[in-house]
Amino acid sequence: MVETLDNWRQSGGTFAWRGHEVFIRRGGDAAAPVLLLIHGFPTASWDYAPVWDELTSHWRVLTLDMLGFGFSAKPRGYPYSIFHQAELCEAYLRAESVTTYHALAHDYGDTVAQELLARQGDAGSVGPRLASVCLLNGGIFPEAHSPLLIQRLLSSPLGPLAARLSTRGSFARSMRRIFDPQRPPTPAELDGLWALVTHG
């Protein structure tokens, strides 16, 4: 059974980064290899709730809601970028005393993981070492990626207006289109996802 959003939040904690509160979650054996879970757009770390128990039975699992997502701070006027999200992930890993880790990324998180991977080749890189990465369902090849209309609107100058005009109904329709037709999201899952998107 998938952990409820309330239980997910209560089992988590926070991490301060650049004056902003970031939601974090830890699980598994502290002696096991570290697996960093990087969520997709527009949701949060709760994306991994259905596989949390299985992953934590094999790994020391760390995850977070990136800045601007889920239960983390959503500061106005912040220069959100993949570069900053990757810095946030590295800061969280350092705070957890991680020197080597593996990553499992989804959707938007794929691009963050690619940035983390690219940093491995940077001369003088002192961040935690990424040992392996698994990318799920993302637009890793920009020339082949077809974002949804709402994704294009949100990344355009009309983004703030599109966000304000979004409703639970329009959000639910978008999410149903990206879920497997054989396993559509339940009303409770849609409620949780909407709560994450609208939190803060």
Side-chain angles (χ1 to χ4, degrees), residues 2-3 5 7-75 78 80-122 124-141 192-193 196-197 199-200:
V2 176
E3 192 169 349
L5 183 59
N7 287 343
W8 184 264
R9 186 176 191 187
Q10 290 170 9
S11 298
T14 58
F15 164 71
W17 186 69
R18 296 187 178 180
H20 303 294
E21 189 172 278
V22 176
F23 176 81
I24 59 171
R25 183 99 193 260
R26 307 172 186 96
D29 183 349
V34 174
L35 178 64
L36 176 68
L37 306 178
I38 310 172
H39 67 79
F41 174 88
T43 56
S45 60
W46 190 55
D47 286 353
Y48 292 102
V51 294
W52 184 258
D53 290 342
E54 181 63 26
L55 293 175
T56 57
S57 70
H58 301 284
W59 301 87
R60 174 186 172 200
V61 181
L62 302 174
T63 192
L64 70 160
D65 290 355
M66 290 182 279
L67 204 62
F69 293 86
F71 295 126
S72 289
K74 297 175 180 173
Y78 184 84
Y80 294 97
S81 72
I82 296 300
F83 182 80
H84 285 133
Q85 301 290 20
E87 283 186 353
L88 168 60
C89 289
E90 286 186 330
Y92 175 40
L93 291 165
R94 282 192 297 275
E96 295 289 326
S97 301
V98 173
T99 56
T100 302
Y101 69 104
H102 304 265
L104 174 61
H106 169 247
D107 189 61
Y108 173 86
D110 285 2
T111 310
V112 175
Q114 287 178 301
E115 172 61 26
L116 291 167
L117 190 58
R119 292 171 181 217
Q120 302 301 298
D122 290 348
S125 176
V126 294
R129 200 82 194 134
L130 181 54
S132 70
V133 63
C134 179
L135 305 176
L136 304 172
N137 190 41
I140 61 174
F141 300 107
L193 293 170
L196 286 166
V197 169
H199 179 81

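Scope of the values below: all heavy atoms of this structure, side chains included, with no hydrogens, waters or symmetry mates.
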Could you walk me through whether Ser11 and Arg25 pass the side-chain contact (heavy atoms from CB on, under 4.5 Å) test, one step at a time?
CA-CA 7 Å; Ser11 298; Arg25 183 99 193 260; 3.4 Å; yes
Starting from the C-alpha separation in whole Å, work towards a yes-or-no answer on side-chain contact (heavy atoms from CB on, under 4.5 Å) for Thr63 and Trp52.
CA-CA 10 Å; Thr63 192; Trp52 184 258; 3.9 Å; yes
Would Trp8 and Ser45 count as a side-chain contact (heavy atoms from CB on, under 4.5 Å) here? Give the steps.
CA-CA 9 Å; Trp8 184 264; Ser45 60; 3.1 Å; yes
Steps toward side-chain contact (heavy atoms from CB on, under 4.5 Å) verdict (Arg129, Gln120)
CA-CA 7 Å; Arg129 200 82 194 134; Gln120 302 301 298; 2.8 Å; yes
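The closest side-chain heavy-atom distance from Leu104 to Leu55 is below 4.5 Å. By the 4.5 Å heavy-atom criterion applied to side chains, Arg60 and Asp29 are not counted as neighbours. Between Leu64 and Leu36 there is a side-chain heavy-atom pair separated by less than 4.5 Å.
For the pair Asp65 (side chain) and Ala44 (backbone), a donor-acceptor distance under 3.5 Å is absent. Although no hydrogens or angles enter the test, the distance criterion places a donor-acceptor pair under 3.5 Å between the side chain of His39 and the main chain of Met66. One N or O on the side chain of Tyr80 and one on the backbone of Pro75 form a donor-acceptor pair closer than 3.5 Å. No side-chain donor-acceptor contact under 3.5 Å links Asn137 to the backbone of His106.
For the atom pair CG (Leu67) and NZ (Lys74), the distance works out to 10.5 Å, reported to the nearest 0.5 Å. Taking NE2 of His58 as the start and CG of Leu35 as the end, the distance is 11.0 Å to the nearest 0.5 Å. Taking CG of Leu193 as the reference point, atom CH2 of Trp46 lies at 5.5 Å (rounded to 0.5 Å). Distance check: Thr14 OG1 to Ile24 CD1 gives 6.5 Å after rounding to the nearest 0.5 Å. To the nearest 0.5 Å, atom OG of residue Ser81 and atom CD of residue Glu115 are 8.5 Å apart. One finds the CZ atom of Phe83 at 4.5 Å from the CZ atom of Arg119 (value rounded to the nearest 0.5 Å).
By the ring-ring contact (aromatic ring centres under 6.0 Å, His included) test, Tyr92 pairs with Phe15, sequence neighbours left out. Every residue two or more places apart in sequence or in another chain that forms a ring-ring contact (aromatic ring centres under 6.0 Å, His included) with Trp59 is listed here: His102. For Tyr101, there are no ring-ring contact (aromatic ring centres under 6.0 Å, His included) partners, not counting sequence neighbours. Scanning for side-chain hydrogen bond (donor to acceptor under 3.5 Å, both in side chains) contacts around Gln10 gives an empty result, with sequence neighbours left out. Qualifying ring-ring contact (aromatic ring centres under 6.0 Å, His included) partners for His20, counting only residues two or more places apart in sequence or in other chains: Tyr78.
If you run side-chain contact (heavy atoms from CB on, under 4.5 Å) between Leu116 and each of Thr111, Val133, Ile38, Leu93, only Ile38 comes through.
Within a 6.0 Å sphere centred on CD of Glu96, other residues, nucleotides and ligands contribute more than 12 heavy atoms.
Of all heavy-atom pairs spanning Ala113 and Leu135, the tightest one is CB-CD2, 3.8 Å.
Ring-plane geometry between Tyr108 and Phe69 is classed as tilted, the angle between the planes lying from 30 to 60 degrees on a 0 to 90 degree scale.
Among residue pairs with one or both ends in residues 35-52, none qualify as salt bridge (charged side-chain N to carboxylate O under 4.0 Å, His left out); sequence neighbours excluded.
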